[in-house]
Visitor: 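One structure is given below, represented as structure tokens, and several questions about it will come after.
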Amino acid sequence: MLVLGLETSCDETGVALYDSERGLLADALFSQIDLHRAYGGVVPELASRDHVKRMLPLIRQVLDEAGCVPTEIDAIAYTAGPGLVGALLVGASCAQALAFAWGIPALGVHHMEGHLLAPMLEENPPQFPFVALLVSGGHTQLVQVDGIGQYTLLGESLDDAAGEAFDKTAKMMGLNYPGGPEIARLAEKGVVGRYTFPRPMCDRPGLMFSFSGLKTSALNTWQHSVSAGDDSEQARCDIALAFQQAVVETLTIKCKRALKQAGMKRLVIAGGVSANKALRSSLEKMLGDMKGDVFYARPEFCTDNGAMIAYAGCQRLQAGQHESLAISVQARWPMEQLPPL
Ligand code: KG4
Ligand code: ZN
């Protein structure tokens, strides 16, 4: 089955062609980062308008790259939520219009299920069951995954998502959007031990997270440094390192707890923050000590992309799931509401 995947939930237009027999044939991405940078974050209306401009050229591009014609496509998968409503509607209406014109089914995919399954596109994919840490700009969740659509939420953030905390911490130090990669870059030059931030909610049992206090610690430290006359690059690097270490250690502690609670030794990490090298190596060490395994996607498939949507959609379409021509998206959508395969 050849599936065209469309991703438009936020500030990236992603398009891909995935074939159930041949694997990923082509994928293309247009990132709107430059468009939103001047505003320090995503401007929803600008995002929607840009998706409209990029979608059809990107579809033509992947068809060319894969050497395919539209009549070969069996179905279309698009991100139906969660995300920015206007942005989601661009992908949904484009998918439904093409599906109607080409006489093929379309299926709305859950964005976080797309992220969760992205490591399946790699050479050594994880086997079910496993524990997943989903860490993106909008979500921080620990999920027990027994199969596609068999999700049990083990824990999540009470306030900011991990990626959001990276973005806000970067912004308050005057760094560019998105802040995650910027913090990671500066942290490489940070002096270990100059600052130490708290590991929120680690001293009590449970699998919930809270990142807003950590972000405030970083803000206070930066403001103290500036008022003491030090607004240097090195001060930013030292704060970036302390912040990243606190997030990474907190996520590692909670992942270890979740694996113990679920009685598992397989961990999947997905979403934009799973591209973070310090997080990957900390989790690799923890799983190495446990004689377990950690799985993640290549960096470009950790952040938003069309390939994960084409893959997730293909699994559900092959199992016979499809939907009517109605164009409907969901800004909020708990993943546990998805049907099992
Ligand atoms: O999955 P994603 O592309 O979009 C959402 O679904 O939200 O995640 C974007 C988030 C942003 O907050 C970004 O700062 C963060 O992922 N991110 C990173 C890194 N690369 C992206 N955070 C930490 N380290 C990175 N290397
Ligand atoms: Zn995402």
Side-chain angles (χ1 to χ4, degrees), residues 5-14 16 27 29-33 36-37 40-42 44 47 51 78-84 87-88 91 109-119 132-141 156-157 160-173 175-188 190 211-212 214-215 218 240-241 243-252 268-283 296-309 311-312 331-333 335:
L6 310 180
E7 156 61 35
T8 63
S9 68
C10 190
D11 59 348
E12 257 116 18
T13 320
D27 82 292
L29 187 87
F30 184 85
S31 169
Q32 303 176 357
I33 284 175
H36 301 289
R37 186 163 277 153
V42 179
H51 286 308
Y78 63 94
T79 305
L84 303 170
L88 289 167
V109 170
H110 193 290
H111 181 76
M112 296 313 292
E113 180 172 78
H115 275 305
L116 171 67
L117 298 178
L133 172 70
L134 301 178
V135 268
S136 69
H139 292 77
T140 301
Q141 294 185 328
E156 64 183 332
S157 180
D160 292 352
E164 190 180 357
F166 268 99
D167 294 339
K168 288 178 176 171
T169 300
K171 191 174 180 179
M172 62 96 185
M173 292 198 291
L175 304 175
N176 276 334
Y177 177 84
E182 288 289 296
I183 296 263
R185 186 175 61 80
L186 293 192
E188 283 178 20
F211 290 110
S212 73
L214 181 54
K215 178 191 69 192
L241 176 63
F243 173 83
Q244 180 174 273
Q245 282 179 327
V247 173
V248 165
E249 200 180 309
T250 303
L251 293 174
T252 305
V268 165
I269 54 169
V273 182
S274 69
N276 187 280
K277 285 191 198 140
L279 177 63
R280 290 176 173 204
S281 58
S282 169
L283 291 172
Y296 41 75
R298 69 196 86 166
E300 61 269 34
F301 289 171
C302 291
T303 46
D304 293 349
N305 64 87
M308 67 184 195
I309 302 304
Y311 177 84
R332 291 178 186 280
W333 186 6
M335 203 168 66

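Each ligand, and each atom within it, is numbered from 1 in the order the structure gives.
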Visitor: Using distance alone, with no hydrogens and no angle criterion, decide if Ser9 and Thr79 have a side-chain donor and acceptor under 3.5 Å apart.
Guide: no
Visitor: To the nearest 10 degrees, could you say what angle the Zn ion (ligand 2) makes with NE2 of His111 and NE2 of His115?
Guide: 90°
Visitor: Any donor and acceptor pair, going by atom type alone, linking the side chain of Ser31 with main-chain N or O of Glu12 inside 3.5 Å?
Guide: no
Visitor: Can you list the ligand 1 atoms lying under 4.0 Å from a non-hydrogen atom of Gly138?
Guide: 7 (O)
Visitor: For atom 1 (O) of ligand 1, state which one of Lys277, Glu7, His115, Lys168 supplies the nearest heavy atom.
Guide: His115
Visitor: Counting N and O atoms only, with roles assigned by atom type, does the side chain of Thr140 sit under 3.5 Å from a partner on the main chain of Ala162, one being a donor and the other an acceptor?
Guide: yes
Visitor: When you measure from atom 20 (N) of ligand 1 to every protein heavy atom, which one gives the shortest distance, and what is it?
Guide: Gly272 O, 3.4 Å
Visitor: If you measure from each non-hydrogen atom of His139 to ligand 1, which part falls under 4.0 Å: side chain, backbone, both or neither?
Guide: neither
Visitor: Test your reading of the structure: does Gly271 have an N or O sitting under 3.5 Å from an N or O of ligand 1?
Guide: no
Visitor: Can you list the ligand 1 atoms lying under 4.0 Å from a non-hydrogen atom of Asp167?
Guide: 11 (C), 12 (O), 13 (C), 14 (O)
Visitor: N/O of Pro178 under 3.5 Å from N/O of ligand 1, yes or no?
Guide: no
Visitor: Carefully, step by step, assess His139 and Glu156 under the rule side chain to side chain contact (heavy atoms under 4.5 Å, CB included).
Guide: CA-CA 8 Å; His139 292 77; Glu156 64 183 332; 6.0 Å; no
Visitor: Are the side chains of Val109 and Glu7 in contact, using a 4.5 Å heavy-atom criterion?
Guide: no
Visitor: State the atom name: nearest N, O or S atom of Asp304 to the Zn ion (ligand 2).
Guide: OD1
Visitor: Working note: Leu279 + Gln244, criterion side chain to side chain contact (heavy atoms under 4.5 Å, CB included); need CA distance, chi angles, decisive distance, verdict.
Guide: CA-CA 9 Å; Leu279 177 63; Gln244 180 174 273; over 6 Å; no
Visitor: Quick one: pull up OG in Ser274 and CG in Leu116 and give me the separation to the nearest 0.5 Å.
Guide: 11.0 Å
Visitor: Just jot down the ligand 1 atoms closer than 4.0 angstrom to any heavy atom of Gly163, in number order.
Guide: 12 (O)
Visitor: Using non-hydrogen atoms of the residue, decide whether Cys10 is closer than 4.0 angstrom to ligand 1.
Guide: no
Visitor: Who's the nearest protein heavy-atom neighbour of atom 3 (O) of ligand 1, and how far?
Guide: Asp304 N, 3.1 Å
Visitor: Please lay out, stage by stage, how Phe243 and Phe166 fare under the test side chain to side chain contact (heavy atoms under 4.5 Å, CB included).
Guide: CA-CA 8 Å; Phe243 173 83; Phe166 268 99; 3.7 Å; yes
Visitor: Which residue and non-hydrogen atom of the protein lie closest to atom 24 (N) of ligand 1, and at what distance in Å?
Guide: Asn276 ND2, 3.0 Å
Visitor: Under 3.5 Å between some N or O of ligand 1 and some N or O of Glu12?
Guide: no
Visitor: Under 4.0 Å from any heavy atom of His111, which atoms of ligand 1 are there?
Guide: 6 (O)
Visitor: Set out, in order, the CA-CA distance, both residues' side-chain angles and the distance that settles side chain to side chain contact (heavy atoms under 4.5 Å, CB included) for Tyr177 and Val42, then state yes or no.
Guide: CA-CA 9 Å; Tyr177 177 84; Val42 179; 3.3 Å; yes
Visitor: Please answer whether the main-chain N or O of Asp304 pairs with a side-chain N or O of His115 as donor and acceptor at a distance below 3.5 Å.
Guide: no
Visitor: Quick one: nearest non-hydrogen protein atom to atom 22 (N) of ligand 1, plus distance?
Guide: Gly180 CA, 3.3 Å
Visitor: For ligand 1, find out whether one of its N or O atoms is nearer than 3.5 Å to an N or O atom of Gly137.
Guide: yes
Visitor: Taking all heavy atoms of Ala87 and all of His51, pick out the closest pair and write down the distance.
Guide: CB-CD2, 3.6 Å
